[in-house]
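Presented below is the structure to which this report refers.
Keep in mind it's a predicted model, so treat the numbers as computed, not measured.
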Amino acid sequence: MRQVPVLDLKLEYEYYKQDIEAAIKRCMKHQRWINGPEVKQLEDTAAGFLGVKHCVGVASGTDALVISLRALAIRNTGNEFFDKNDEIITTPYTFSATGEAIIRSGATPVFIDIDPGTFNIDLNQVREYLAENGDKAVGIVPVYLYGQPVDGDGLRRLAEEYDLFVVEDVAQALGGAWQGKRSGSVGTAGAFSFFPSKNLGGFGDGGLISTNDDRTAELSRILLKHGGKDKNNVDHIGYNSRLDTMQAAIVLAKFRYLEEFIGRRRKIAENYARELAGIEGVTLPTVLTGALHSYNQFTIRAARRDELQASLREKGISTMVYYPYPLHRMKVFQGRMKIWKTLDQAELAAREVISLPMEPLLEQPDIDQVIHSIKDFFTT
Ligand SMILES: *Cc1c(COP(=O)(O)O)cnc(C)c1O
């Protein structure tokens, strides 16, 4: 039986193998495993691509969130951590790392429900929340789920009006944009991930912070190296969170394929959207006018989701559920979060979503097989 994977990293490796093997060989030769030249080259390349002043490589996307939030705590409060009374607004419908990072920065996450069409935080409800609690909120961490940004103009207006920082969780959104402004360049800082399944994945963990703010960049660089300009005499409670030279070299080698691959993702998404439109039981995602979606995932809502997933599995088609548990249902957040009104849309999404195969190098017969199998499931 023909297998259709969600992602096929072996296939991709064959595609750009020469570039990657040459990059690894250069590392072998220079042996500068810590802060080798590729780290700065990647930071500069990413800063150019995003149109930001600074990019800072770190050890993971999670660390990019934690370190940028810690940098903002130090910059804005003069203390090492935020206070529990400092609130950071975010979505409950994301990977656990988003909420975890807020708690690790000392603040309290406030979960606000999502827009059912985009799966992203509902900015109208954020505005409602701020109208009553604007004095407690210090920042907002919007997540560009599956690769789609939130309305960047609306976001900026809220941030200015209520004097909030914005850390964009762009772990899934490298290559996306709002009205031509790259995701990760709209807020105070952006947190990217090079986890292998992200749009630009390394061969292990890696991450990057983007920012136009000099002080945030400077503090992030200090925090990722134990908390001091001199690691033998440190000023802050820091981390060991350098981006490996080898990971930087691999990500850098893949960087030049990024736009081509996103173009391929977009084509697959258009194909799915065209062919799955109008099937009873399937709801397609909404893409906002002004949003450039990077399609880290193509995620639909499906009636009888678990049955559909099992039926596709029988036909050799792999799918994923991002995410089966919204954050406010997780044990770790009990007693450490605030909830605005209800989170019904996040709960519903957790029961209905399914992410379809989204391998940029997938061939048309594979895409057709996915489409036909979904049609079959709902019509027979
Ligand atoms: C992957 C991901 C992260 C964390 O990135 P890691 O590199 O795995 O630490 C954070 N937020 C979201 C939305 C993610 O998808």
Checking [Y] against [X]: is there a side-chain donor and acceptor pair closer than 3.5 Å?
X	Y	value
Asp205	Ser60	no
Asn120	Asp115	no
Asp214	His54	yes
Asp244	Trp33	no
Thr299	Ser355	yes

Got a sec, which residues hit salt bridge (charged side-chain N to carboxylate O under 4.0 Å, His left out) with [X], two or more places apart in sequence or on another chain?
X	result
Lys267	none
Arg305	none
Arg242	none
Arg329	Glu347

Do side-chain atoms of [X] reach the backbone of [Y] as a donor and acceptor pair under 3.5 angstrom?
X	Y	result
Glu80	Ile237	yes
Gln148	Leu292	no
Glu132	Glu128	no
Asp113	Ala346	yes
Ser241	Ala59	yes
Asn296	Ala173	no
Thr90	Val141	yes
Asn79	Phe81	no
Arg336	Val332	yes
Thr77	Ala73	yes

Could you pull out the closest heavy-atom pair between [X] and [Y], with the gap in Å?
X	Y	result
Leu284	Ala273	CD1-O, 3.4 Å
Leu308	Ala302	CD2-CB, 3.6 Å
Ser373	Gln369	OG-O, 2.6 Å
Val170	Ser183	CG1-CB, 3.7 Å
Gly36	Thr245	N-OG1, 2.9 Å
Leu7	Pro360	CD1-CD, 4.5 Å

Requested in this report: In sequence, state the C-alpha distance, the side-chain angles, and the governing distance for Asp44 and Lys40, and then conclude on salt bridge (charged side-chain N to carboxylate O under 4.0 Å, His left out).
Outcome: CA-CA 6 Å; Asp44 291 346; Lys40 181 161 187 329; 2.7 Å; yes
Atom pair [atom1]/[atom2] of [X] and [Y] - distance to nearest 0.5 Å:
X	Y	atom1	atom2	answer
Ser68	Leu224	OG	CG	11.5 Å
Thr211	Glu168	OG1	CD	10.0 Å
Leu65	Ile102	CG	CD1	8.0 Å
Arg70	Ser220	CZ	OG	10.5 Å
Asp306	Glu352	CG	CD	11.0 Å
Thr62	Phe195	OG1	CZ	9.5 Å

Query raised in the report: Do other residues, nucleotides or ligands put more than 12 heavy atoms under 6.0 Å from Glu14 CD?
Result: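 Yes, because the 6.0 Å sphere around CD of Glu14 holds more than 12 heavy atoms from other groups.
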Query - ILVMFWY cluster, Val143 and Phe192 together (side-chain gap under 4.5 Å) - result: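 No, separate clusters.
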Query raised in the report: In terms of hydrophobic clustering (I, L, V, M, F, W, Y; side-chain heavy atoms under 4.5 Å; direct or indirect links), are Val4 and Ile268 co-clustered?
Result: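 Yes, Val4 connects to Ile268 through the hydrophobic network.
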Strictly by ring-ring contact (aromatic ring centres under 6.0 Å, His included), give each pair with a member in [range] just once, sequence neighbours left out.
range	answer
residues 220-249	none
residues 265-299	Tyr272-Phe298, His293-Tyr295
residues 139-169	Phe82-Phe165, Phe119-Tyr146
residues 329-380	Phe111-Phe333, Tyr129-Trp340

Query - Flag side-chain contact, heavy atom, 4.5 Å: Val6 against Met358 - result: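 When only atoms from C-beta onward are counted, Met358 and Val6 do not touch, as no gap falls below 4.5 Å.
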Query - Residue pairs fulfilling salt bridge (charged side-chain N to carboxylate O under 4.0 Å, His left out) with at least one residue in residues 353-368, sequence neighbours excluded - result: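 Residue pairs passing salt bridge (charged side-chain N to carboxylate O under 4.0 Å, His left out), neighbours aside: Arg2-Asp366.
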Could you list the donor-acceptor pairs under 3.5 angstrom formed between side-chain atoms of residues 248-263 and any protein atom two or more places apart in sequence or on another chain?
from   : atom 1 : to     : atom 2 : distance (Å)
Lys254 : NZ     : Tyr16  : OH     : 3.2
Lys254 : NZ     : Gly201 : O      : 2.8
Arg256 : NH1    : Asp19  : OD2    : 3.4
Arg256 : NH2    : Asp19  : OD2    : 2.9
Tyr257 : OH     : Asp19  : OD1    : 2.8
Glu259 : OE1    : Arg182 : NH2    : 3.2
Glu260 : OE2    : Tyr15  : OH     : 2.5
Glu260 : OE2    : Arg264 : NE     : 3.1
Glu260 : OE2    : Arg264 : NH2    : 3.3

Requested in this report: Start with the C-alpha gap between Glu100 and Arg104, add the side-chain angles, then the distance that decides, and say whether salt bridge (charged side-chain N to carboxylate O under 4.0 Å, His left out) holds.
Outcome: CA-CA 6 Å; Glu100 171 205 332; Arg104 287 169 67 192; 3.0 Å; yes
**Report entry** Sidechain N-carboxylate O distance under 4.0 Å for Arg75, Asp213
**Finding:**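 A salt bridge is present here (some side-chain N lies under 4.0 Å from a carboxylate O).
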Report task. Decide salt bridge (charged side-chain N to carboxylate O under 4.0 Å, His left out) for Glu38 and Arg32; before the verdict, give the C-alpha distance in whole Å, the side-chain angles of both, and the deciding distance to 0.1 Å. Result -> CA-CA 9 Å; Glu38 286 84 357; Arg32 291 168 61 190; over 6 Å; no
Requested in this report: Could you give me the CA-CA distance, side-chain angles and deciding distance for Glu218 and Lys229, then say whether salt bridge (charged side-chain N to carboxylate O under 4.0 Å, His left out) is met?
Outcome: CA-CA 10 Å; Glu218 184 192 19; Lys229 280 188 179 146; 3.1 Å; yes
Query - Pairwise side-chain hydrogen bond (donor to acceptor under 3.5 Å, both in side chains) hits with a residue in residues 187-198, at least two apart - result: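 Sorted pair list comes back empty.
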Side-chain donor/acceptor pairs under 3.5 Å, residues 310-322, sequence neighbours excluded:
from   : atom 1 : to     : atom 2 : distance (Å)
Thr319 : OG1    : Gln309 : NE2    : 3.0

